Amino acid sequence: MDARTREYLKGRFGDYYRRAVVTPPPDADAREWGYIPWTAGAGTTMVRHESLLNLGHIGDFLAREAPRHAYFSAARYTDPSANTMSDKDWRSADLVFDLDADHIPAIDPEGTSYKGMLTACKQSLLRLLDILEDDFAFEELEIVFSGGRGYHVHVRDEGVRELDSEARREIVDYIRAIDLDVDGLVRTRASGPTTQRVLRTEGGWGKRTHDRLLAFVDELQSMTEEEALERLQELDGIGEGRATTILGAFERNPQAIETGNVEAGGPGLRMLVEALAHEVVEDQTAPIDEPVTTDLRRLIRLPGSLHGGTGFEVQRIERDAVDEFDPLVDAVPDRFTGREIRVDAAEQGTVDLLGERTNIEPGVNTVRECVGVFLMARGDAEKAKE
């Protein structure tokens, strides 16, 4: 990034902050603060071990310094501005989850458009929220678009604040279904003089697997018998004999399937349940970044600040607005939409912002300012002379 581009972006970030209302997190005085200024060169310089006592009013600080990136700690400390972690005296920390398109197994960062990455990441966010709300019953959630390629979720329920790293890692393992024990999804219950093995349908991965089983049964019942048998035999280990037994159990004893009885169809049904459990894990886990969640002293982006790699707002999202949220529209600062600027692009490409596609040619282009800021912040263009 050359000097003209750097100074332009710093100036426009400052213009944004002079009008923005940035709300700090709860217990802001107890948190460490950090930021990355617009320094020259390829590297970045993190300024940290700051407190609000040092920085002053957060809005005034942001307007004055116009940082490239701004952060606060998930942790609360007795002395957040101490220069060593031990001297800070850790008290508690939010439980923070980070979703980034880079961590989604199906995404190829080199071959997937930025828009495509954001779409896939929001689907992961919805899965994560389902688990946090349904399985853990967390209530104090703050959902944030990171301004880059993903989302953050801050859990501030009182019961999680003092969890150590190992306890947080167990939560990560549960969400990602790491080493999920399929046998553990089944419990044994008494049924008269005998016992039955049934799926744990009351919640968690057991309920998700049971829901998938019921949907699979509905799928089979919509088919002819020949089609249903063929569908069952697509699963590993299920041949024609077991497929016939399973289909017969579904027809003779639908109540058993409704209650999660995995013995109603013999070994074949148990194999079916195992196969469906693996499908559920593949479809419904959320690829959260473990180090972010387990790090008790993590710095995380400040909502309301700007992301120095895109020019987008790091934006809080209300829970009931997640489905409709479009970062390529909703996170574009209004401050950068009112005029056109000239940028010198390194190569040909396209930018999708505000519902419009802008074609970029190598060399000087006249574009909406939000498009230009995006290109410059990403290092794909420099500021051209006006």
Side-chain angles (χ1 to χ4, degrees), residues 1-25 28-75 77 79-85 88 96 98 100 144-150 152 292 295 297-316 331-336 341 343-344 346 369-370 372-384:
M1 183 180 294
D2 63 23
R4 179 189 293 112
T5 303
R6 187 170 57 254
E7 290 304 313
Y8 180 87
L9 290 175
K10 181 177 180 179
R12 293 302 282 152
F13 273 42
D15 292 339
Y16 165 85
Y17 284 123
R18 278 185 282 277
R19 293 193 178 185
V21 177
V22 179
T23 305
D29 291 339
R31 299 181 189 269
E32 178 190 352
W33 292 77
Y35 63 96
I36 295 177
W38 293 93
T39 50
T44 57
T45 302
M46 167 71 84
V47 179
R48 59 177 305 176
H49 304 302
E50 300 283 1
S51 68
L52 280 190
L53 183 63
N54 296 339
L55 298 180
H57 183 275
I58 190 62
D60 293 341
F61 163 76
L62 292 170
R64 182 175 67 251
E65 296 294 330
R68 189 171 186 173
H69 306 276
Y71 307 90
F72 68 95
S73 69
Y77 302 101
D79 184 2
S81 63
N83 288 326
T84 66
M85 289 301 175
K88 290 180 188 295
V96 177
D98 175 38
D100 192 292
V144 179
F145 170 58
S146 71
R149 290 178 296 193
H152 301 151
V292 173
D295 186 351
R297 297 165 175 82
R298 194 77 176 191
L299 296 184
I300 198 78
R301 289 188 182 276
L302 172 65
S305 67
L306 295 181
H307 190 297
T310 61
F312 293 164
E313 182 181 339
V314 181
Q315 191 170 82
R316 291 183 178 94
V332 177
D334 290 340
R335 188 70 172 164
F336 301 158
I341 62 171
V343 296
D344 189 353
E369 186 178 25
C370 57
V373 168
F374 178 75
L375 290 168
M376 290 186 288
R378 286 167 61 93
D380 294 333
E382 302 286 0
K383 183 69 180 69

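The shown structure was predicted, so the numbers you read here are calculated from the model rather than taken from an experiment.
- The nearest pair of heavy atoms linking L306 to V314 is C-CG2, 4.4 Å.
- Among residues two or more places apart in sequence or in another chain, the side chain to side chain contact (heavy atoms under 4.5 Å, CB included) test is passed with S81 by S51, N54, D79.
- When atom types are taken as modelled, the side chain of R12 and the backbone of V373 share no donor-acceptor pair closer than 3.5 angstrom.
- The two residues G308 and A377 have their closest heavy-atom pair at O-CB, 3.4 Å.
- Residues passing the side chain to side chain donor-acceptor pair (under 3.5 Å) test with R4, sequence neighbours excluded: none.
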| Going through the checks in order, is the side chain to side chain contact (heavy atoms under 4.5 Å, CB included) test met by M376 and E382? | CA-CA 6 Å; M376 290 186 288; E382 302 286 0; 5.9 Å; no

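- Contact of the R31 side chain with the P80 side chain is not registered, since no non-hydrogen atoms from C-beta on lie closer than 4.5 Å.
- F72 contributes atom CZ, which lies 7.0 Å from atom CD1 of I300 (distance to the nearest 0.5 angstrom).
- Contacts of D60 classified as side chain to side chain donor-acceptor pair (under 3.5 Å), with partners at least two apart in sequence or in another chain: none.
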| Could you go step by step and tell me if L9 and M1 meet the side chain to side chain contact (heavy atoms under 4.5 Å, CB included) rule? | CA-CA 10 Å; L9 290 175; M1 183 180 294; 3.8 Å; yes

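- Distance alone, capped at 3.5 Å, places no donor-acceptor pair between the Y35 side chain and the L62 backbone.
- Contact detail for V22 and I58: the closest heavy-atom pair is O-CG2, 3.9 Å.
- Judged as a salt bridge (Lys or Arg N to Asp or Glu O under 4.0 Å), and not counting sequence neighbours, the contacts of E32 are R48, K88.
- Remark: D100 pairs with R149 by the salt bridge (Lys or Arg N to Asp or Glu O under 4.0 Å) rule, at least two apart or across chains.
- Contact of the H49 side chain with the M85 side chain is registered, since non-hydrogen atoms from C-beta on lie closer than 4.5 Å.
- Closest of all the heavy-atom pairs between D344 and A384 is N-CB, 4.1 Å.
- With sequence neighbours left out, D295 forms a salt bridge (Lys or Arg N to Asp or Glu O under 4.0 Å) with R298.
- D380 is not listed as a side-chain neighbour of F374, based on a closest heavy-atom distance of 4.5 Å or more.
- Once rounded to the nearest 0.5 Å, the distance linking CZ of R335 with CG of D15 reads 5.0 Å.
- Pairing each heavy atom of P67 with each of A70, the nearest pair is CG-CB, 4.3 Å.
- Between W33 and F61, the gap from one ring centroid to the other reaches at least 6.0 Å.
- Within the 4.5 Å cutoff, the side chain of T23 has heavy atoms near those of the R316 side chain.
- D29 is not listed as a side-chain neighbour of P24, based on a closest heavy-atom distance of 4.5 Å or more.
- In this pair, F312 and F145 present their aromatic rings tilted. The plane angle is within the 30 to 60° band.
- Within the 4.5 Å cutoff, the side chain of Y16 has heavy atoms near those of the F336 side chain.
- Scanning both residues, G372 and V343, for their nearest heavy atoms gives CA-CG1, 3.9 Å.
- Of the possible polar contacts, one joining the T310 side chain to the G147 backbone as a donor-acceptor pair under 3.5 Å is found.
- Each of R301, E313, Q315, R68 was compared with H307 under the side-chain hydrogen bond (donor to acceptor under 3.5 Å, both in side chains) criterion, and only R301 meets it.
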